[in-house]
Protein chains: 4
Amino acid sequence: MPDTVTLSRKQRDQELRRQDFLSAAERLFARNGYHHTTMEDIAHEAQYGTGTIYLYFKTKDLLYEALLERKIAEYIAFMQKRVRHADGHLEKIRTLISAKLEFFERHREFFRIYLAEMTTADTSLRRCVNKRREKMYYEHQSFVTQTLSEAMRAGAIRKVDPNMLATTLTGVINPLLSEWIKERSKKSICELEQFIMDLLFNGLEKTK
Amino acid sequence: MPDTVTLSRKQRDQELRRQDFLSAAERLFARNGYHHTTMEDIAHEAQYGTGTIYLYFKTKDLLYEALLERKIAEYIAFMQKRVRHADGHLEKIRTLISAKLEFFERHREFFRIYLAEMTTADTSLRRCVNKRREKMYYEHQSFVTQTLSEAMRAGAIRKVDPNMLATTLTGVINPLLSEWIKERSKKSICELEQFIMDLLFNGLEKTK
Amino acid sequence: MPDTVTLSRKQRDQELRRQDFLSAAERLFARNGYHHTTMEDIAHEAQYGTGTIYLYFKTKDLLYEALLERKIAEYIAFMQKRVRHADGHLEKIRTLISAKLEFFERHREFFRIYLAEMTTADTSLRRCVNKRREKMYYEHQSFVTQTLSEAMRAGAIRKVDPNMLATTLTGVINPLLSEWIKERSKKSICELEQFIMDLLFNGLEKTK
Amino acid sequence: MPDTVTLSRKQRDQELRRQDFLSAAERLFARNGYHHTTMEDIAHEAQYGTGTIYLYFKTKDLLYEALLERKIAEYIAFMQKRVRHADGHLEKIRTLISAKLEFFERHREFFRIYLAEMTTADTSLRRCVNKRREKMYYEHQSFVTQTLSEAMRAGAIRKVDPNMLATTLTGVINPLLSEWIKERSKKSICELEQFIMDLLFNGLEKTK
DNA sequence: TATGAATGAGTGTTCATTCAT
DNA sequence: GATGAATGAACACTCATTCAT
């Protein structure tokens, strides 16, 4: 049996196990928060022994990092694929909104973690290991900015600061989604999308 | 010396001490996060001995609660006062935005805590004691909603769902402010306000 | 005003205050146990400020000592007075029993502390300061022994080891009294006395 | 290797460890009292790290409970076995006394704890978890009562209240044993037994 | 490789005692 | 003398991490 195959099989198994742990951690973090979830909890949730988890993640912080990275990567991939397949500038912009709504509707457990992370949370957690995630975030942000810039250049929307617009577009969804997830809003996800699109394009001005 | 004066002096001193601890906690929580800040840290930061803090706050959780309450109350009072003094519906709406920006610009340390709290963070922390804070939040939210509704009724802005608009208006500021605080944005607070107002009123549509 | 009067007034006041604290401590120790009663509790129960108690008792342990001493002295005085007033040897022995029953019936709260102390409990508490109490205990014990010895010499009871008999007589009451205090026994105190006297004098043997 | 064996080996090891901790606790509680013994002390006395003890006992209180239960169960088993093997009613009664003396002579360290527990001690400690121990105590007490009742029915001893007699018989030993353990009594255990038996059967009356 | 028992540093909290007023 | 706010040592308990099997 060739060595490469053996190795890659091993690697594939390793990767599978990593994913098991990450999924378990995602469930527990979302349910109980980072600090109220113990490594033992995660290991057992993933159906492994306490010590095993340390074969795949050197520390709890690193596991957390890996979890964020995985989900954010997944999110970005999902979003970009959708936008690329959308036809026309306006449609792409609409997709920037609807794809985010759709993704987090499906991963609402993760949304809690995501928000905490995007905004604040435990700073010290973030200090050391976040370079890679920051990079991912910026790449995504610049993808959104670019999409918007192109729409401006094409005359599909009027010209404003594209960076600020990207930030706004990304962020305006959070509070609505947050309310929706807490089930205080009875609207459908589709209505959320329409509300945002309407407001974004038409603004509040009366005389129109 | 009359008894009432003596008593109220004691109470005033007590209150001052409470505020000392809360301010110390605010600094440390914002810097290191809730879980990485120890009661001893807080007590020492406030220039007191370890045990003293427990004369003013029964548990760490309750101190955290008290801190949130204090700042949120302060925020709400600030905001509502500003809005009430604003002349005209449009001006009131502008004030909803500028007052928030101004408040958090001045209390940026707290903004981290605020965001974590508003969005997610440790669920278990929040479960028990938050009724009062939820009430504060809702009262504020309905104040915003009312302000917007009145503007609609008066024909100052066009009619949309006032609850969703209130949520949006409140939330749209966060990501911009967040970026600004992280000092990634070189704009002035004033420019942020203008950007939001422009976008909010005029929308993205070209033909205008 | 002569100095001695002033002084003795002071001293009388001091003593009164000491007794206040001891009475408060007695109530609380009996109710909650030594370790679950704080010095502050005692001071407040006695209607004084936290620090005041330390003007009268240097440490918590010493207060505990003083409490035991006071009550035991009271007990011994009560007992000996009763026995001295009893006529005849048998009546004196009966009084050794009835007086103990009577005293602890009236001071049942203290009985808990007494038992704990007489038997064991926190050894370390006892190590240093107990000489005086030990002396009191032995003086009492030898009073009982003497009473019994005299009865033997007079032929009122048969001759056995008077020390062991004294120990037995003193101790045999405790478990019955204990059950009685826990209200598991429905008998009257008088029945307890009769039971003990009967058993003590007549023994268990059938042929009598 | 069969699974059952593996499992029971693990369980046996667990049980051994539990016993290690209980024995360490027994030594330290008897020496220093409950409140002056720390969990760390116990763990170290048992040659384990601080945290390990919590794998076997959830709280300090529960460890204390377990200790009492173990020793009392041991005591009761010892006593009942002895009594059952004794021939004749009088011999059984003698055994009720001698077995207790013998047991506590061998476990004098525990005697302190036993006495404190039987009589009073920290009430609050006892309030919650003691149902099981109370049950054990009552079962034992009714065993003694039954033994005595049978002896009465058979005419081996005269008729008195069997419950009070059981209480007395159980309790009368304590003060003598207590003195003996404190080494104030120079008698042998055997002499203690004879003294009690003699007093119990023949009483104090002269005319015999 | 997988395990889980063992570890011990770390933290929230209590309380006897002190001392400035 | 009386006070009670302040103190900090002490302790029960947790949990990320290690390591012998």
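Naming convention: chains lettered A, B, ... in sequence-line order (proteins, then strands); numbering from 1 in each chain.
Counting to the nearest Å, the C1' atom of F/dC13 and the CD1 atom of D/Ile42 are 13 Å from each other. In this structure, NE2 of D/His35 is placed 15 Å from P of E/dT14, rounded to the nearest angstrom. Taking atom CD of residue D/Glu40 and atom P of nucleotide E/dT7, one finds them 12 Å apart after rounding to whole Å. Distance CG (A/Asp41) to C1' (F/dT17): 15 Å, rounded to an integer number of Å. The nearest whole Å value for the distance from the NZ atom in A/Lys60 to the P atom in F/dT17 is 9 Å. Between the C1' atom of F/dC19 and the CG atom of A/Leu55 lies a distance of 11 Å, rounded to the nearest Å. The distance from atom CG of C/Asp13 to atom C1' of F/dA2 is 14 Å, rounded to the nearest whole Å. For D/Tyr48 and E/dA6, the OH to P distance is 6 Å, given to the nearest whole Å.
The shortest distance between side-chain heavy atoms of B/Tyr48 and B/Arg17 falls below 4.5 Å.
Taking only side-chain atoms of C/Thr38, from C-beta outward, the nucleotide of E/dC15, F/dA16, E/dA5 with the closest atom is E/dC15. When the nucleotides E/dA2, E/dA16, E/dA5 are ranked by their closest atom to the side chain of A/Tyr56, E/dA2 comes out on top.
Here E/dA2 sits opposite F/dT21 as a Watson-Crick or G-U wobble pair (both hydrogen-bonding atom distances under 3.5 Å). When Watson-Crick and G-U wobble pairs are counted only if both distances are under 3.5 Å, E/dA9 pairs with F/dT14.
In this model, the phosphate group of F/dG1 is not approached by any side-chain N or O of C/Arg17 to a distance below 4.0 Å at OP1 or OP2. A/Tyr54 has no side-chain polar atom (N or O) that falls below the 4.0 Å cut-off from OP1 or OP2 of E/dT3.
Summary of the strand contacts: D/Gly51 and C/Thr37 both lie near DNA chain E, and taking for each the nucleotide with the nearest heavy atom, the more 5' one is attributed to D/Gly51. Mapped onto DNA chain E by nearest heavy atom, C/Lys58 and D/Gly49 fall at different nucleotides, with D/Gly49 at the one closer to the 5' end.
Residue A/Thr52 is in base contact, counting any heavy-atom pair closer than 4.0 Å across all strands shown. Among the heavy atoms of the strands lying under 4.0 Å from C/Thr50 is at least one base atom, whether or not backbone atoms are also near. Residue-level contact check: D/Phe57 touches neither bases nor backbone, having no heavy atom under 4.0 Å from any strand.
In this structure, A/Phe21 and A/Tyr56 have tilted ring planes: the angle between them lies in the 30° to 60° band. Ring pair B/Tyr64/B/Phe29 is perpendicular by interplanar angle, where above 60° counts as perpendicular and below 30° as parallel.
Looking at residues two or more places apart in sequence or on another chain, you find no ring pair (Phe, Tyr, Trp, His ring centres under 6.0 Å) involving C/Phe57.
A salt bridge links A/Glu15 with A/Arg18; the closest basic N to acidic carboxylate O contact falls under 4.0 Å.
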